Amino acid sequence: MPAGFAGRVVRWQRTHGRNTLPWQNTRDPYRVWLSEIMLQQTQVAAVLGYYERFLARFPDVQALAAAPLDDVLALWSGLGYYSRARNLHRCAQDVVEKHGGAFPRTAEVLATLPGIGPSTAAAISSFCFGERAAILDGNVKRVLTRVLAYGDDLALGANERRLWDHARELLPRRELQENMPRYTQGIMDLGATICLPRNPSCLLCPVQEDCAATKQGRPEGFPVKTKKLKRSAESLWLLHARADDGSVWLQKRPTPGVWAGLYCLPVFASRDALDAALPSGANVREVEPFVHVLTHKDLHLHPVQVEVAAGWRGREGQWFGAGEWPQVGLPSPVRKFLERS
DNA sequence: TAGGCGTGGCT
DNA sequence: TAGCCAAGCCT
């Protein structure tokens with residue numbers, strides 16, 4: 001690797017990178033941490049609104065730590081991967097109770113907190129405290145495997161660990177450590193805007209001269225990962241019990257599992273199981289089933305509507321009034337279904 | 001270590 | 001269309 005790779009990334013970021021996102025131009029670890037958690041496996045456009053609402057409601061880590069988990073999940077509703085919200089809440093409480101209200105300043109210690117893994121820890125410490133710590137997210141894996149023509153299968157832990165080693169070797173030299181925030185941002189920006197999975201814009205790339213994959217004429221051949229997720233399908237029956245005042249009966253989803261901790265229409269594994277939970281003589285209204293796609297499975301959702309008397313109660317759960325249920329944490333498909341019902 | 005965990009955009 | 005992908009982490 002020619003010397004100066006990091007410098008080219010930093011110089012490029014200054015003029016061509018992303019520099020006006022809401023969580024940039026601050027070294028407040030609370031704001032940076034919140035953004036990094038929200039951005040895990042989630043695109044910038046999806047995060048923007050959530051980030052602003054979260055900050056308005058929870059302006060600092062103390063406010064977040066003191067809030068009920070249900071309030072956090074309600075604000076997270078629709079963003080997905082809800083264990084992030086539960087860990088976010090636990091992390092805030094750990095920062096307040098175990099770290100005196102201040103975020104740790106090194107990636108090593110940050111990574112001991114819930115929801116903060118090695119890459120997120122390095123992002124926070126490099127952005128906020130200028131630590132020479134390497135990130136390795138999807139963007140950076142793509143950039144580095146191409147620059148190095150690193151063709152070893154990242155499905156193997158040993159190969160991924162070696163890529164971590166490379167990531168650390170390519171960091172700015174210690175004399176240029178003040179560039180760490182911009183280097184971290186820059187290598188992510190490269191992956192997000194230039195070094196794309198398909199049709200990368202190599203002619204615009206500031207490190208094209210360093211890129212072994214481009215020299216081989218096959219940047220899209222990297223990274224190599226054989227691991228392909230096995231998809232499945234599952235059918236769920238949803239009991240939509242409502243009263244004439246617009247109230248809806250909801251249950252809290254169990255942890256662990258899909259939508260853990262959110263409120264949801266009662267879920268049954270079969271139509272028979274749902275029928276058994278209905279009040280005798282209930283007037284049932286069939287609803288068109290619909291498919292909701294998760295990463296690892298297709299959910300075939302079968303809502304069954306029934307109007308019940310005000311005194312009815314399900315086996316577990318509680319009533320939420322017409323003005324209440326829209327404000328609780330609901331899975332996206334359930335929220336959309338209720339909104340159009 | 002392999003699988004679980006959401007949602008939406010893109011091709 | 002049916003996958004692939006996104007500022008990954010946890011168990």
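Below, chains carry the letters A, B, ... as their sequence lines are ordered, and counting in each starts from 1. In this text the structure is predicted, and so the values were computed from the model without any measurement.
- Taking the six-membered ring where tryptophan is involved, the planes of A:Trp259 and A:His292 are tilted, since the angle between them lies from 30° to 60°.
- In the interface, the side chain of A:Thr295 is paired with the base of B:dG6 through a donor and an acceptor atom under 3.5 Å apart.
- Set against B:dG6, B:dC5, C:dC9, the side chain of A:Tyr82 has B:dG6 as its closest nucleotide.
- Base engagement by A:Leu79 is indicated by at least one non-hydrogen atom pair under 4.0 Å involving a base atom.
- Remark: A:Tyr81 is not in phosphate contact with C:dC10, judged by side-chain N or O atoms under 4.0 Å from OP1 or OP2.
- Side-chain atoms of A:Arg132 and A:Gln177 include no donor-acceptor pair closer than 3.5 Å.
- The pair A:Arg168-A:Asp165 counts as a salt bridge, with a side-chain nitrogen and a carboxylate oxygen less than 4.0 angstrom apart.
- On the P atoms, C:dC4 is 16 Å away from B:dG3, given to the nearest whole Å.
- Stacking of A:Arg53 on the aromatic ring of A:Tyr50 is recorded, both the 6.0 Å distance cut-off and the 45° axial limit being met.
- Residue-level contact check: A:Lys225 touches neither bases nor backbone, having no heavy atom under 4.0 Å from any strand.
- Between C:dC9 and A:Thr120, a contact under 4.0 Å exists linking OP1 or OP2 to a side-chain N or O.
- Contact annotation for A:Arg335: no contact, since no heavy-atom pair falls under 4.0 Å across all strands.
- Atom P of nucleotide B:dG8 and atom CG of A:Leu39 are separated by 16 Å, given to the nearest angstrom.
- A:Val293 comes within 4.0 angstrom of a nucleotide base, judged by non-hydrogen atoms across all strands.
- Rounded to whole Å, the P atom of B:dG6 lies 14 Å from the corresponding atom of C:dT11.
- Listed candidates were B:dG4, B:dG6, C:dA6. Nearest to the side chain of A:His296 is B:dG4.
- In the set B:dG9, B:dT7, C:dG8, the nucleotide with an atom closest to the side chain of A:Gln43 is B:dG9.
- Each of C:dA6, C:dC9, B:dT7 was ranked by its minimum atom distance to the side chain of A:Pro197; first place goes to C:dA6.
- Here A:Gly78 lies in heavy-atom contact (under 4.0 Å) with sugar-phosphate atoms only.
- Salt bridge annotation for A:Asp210-A:Arg8: present, with a cationic side-chain nitrogen under 4.0 angstrom from a carboxylate oxygen.
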Self-check item: Watson-Crick and G-U pairing of DNA chain C, under 3.5 Å, as dot-bracket with | and [ ]
Solution: .|||||.||||
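- Considering only the side chain of A:Pro118, C:dC9 comes nearest among B:dT7, B:dG4, C:dC9.
- Listed pair A:Lys297 / B:dG4 fails the phosphate criterion, with no side-chain N or O lying under 4.0 Å from OP1 or OP2.
- A:Leu262 places its CG atom 12 Å from the C1' atom of B:dC5, with the value rounded to the nearest Å.
- Closest contact between the side chain of A:Lys336 and the listed nucleotides B:dT7, B:dG8, B:dC5 involves B:dG8.
- At the heavy-atom level, A:Trp33 lies nowhere under 4.0 Å from the strands shown.
- Between the CZ atom of A:Arg86 and the P atom of C:dT11 there is a distance of 10 Å, given to the nearest Å.
- When heavy atoms are screened at a 4.0 angstrom cut-off, A:Pro256 is found touching no nucleic acid atom at all.
- Between the side chains of A:Ser119 and A:Asp137, not a single donor N or O lies within less than 3.5 Å of an accepting N or O.
- Side-chain proximity of A:Arg198 to the nucleotides B:dT11, B:dG6, C:dC9 is greatest for B:dT11.
- Between A:Asp275 and A:Arg271, at least one side-chain N (NZ, or NE/NH1/NH2) sits under 4.0 Å from a carboxylate O, which counts as a salt bridge.
- Residues in residues 90-129 of chain A take part in these ring-ring contact (aromatic ring centres under 6.0 Å, His included) pairs, two or more places apart or across chains: A:Trp33-A:Phe103.
- The A:Ser119 side chain lies nearest to C:dC9 when the options are B:dT7, C:dC9, B:dG8.
- Using a 4.0 Å heavy-atom distance criterion, A:Leu21 is classed as a base contact.
- With respect to A:Arg242 and A:Glu307, a salt bridge is recorded, a charged nitrogen being found less than 4.0 Å from a carboxylate O.
- Within 4.0 Å (heavy atoms only), A:Ser332 reaches sugar-phosphate atoms of the nucleic acid but no base atom.
- Side-chain atoms of A:Arg161 lie closest to B:dT1 of the nucleotides B:dG4, B:dG8, B:dT1.
- Neither OP1 nor OP2 of B:dG6 sits under 4.0 Å from any side-chain N or O of A:Trp76.
- One C1' atom belongs to B:dT1, the other to C:dA6, and the distance between them is 23 Å to the nearest Å.
- Among the nucleotides C:dG8, B:dG6, C:dC5, the one closest to the side chain of A:Gln40 is C:dG8.
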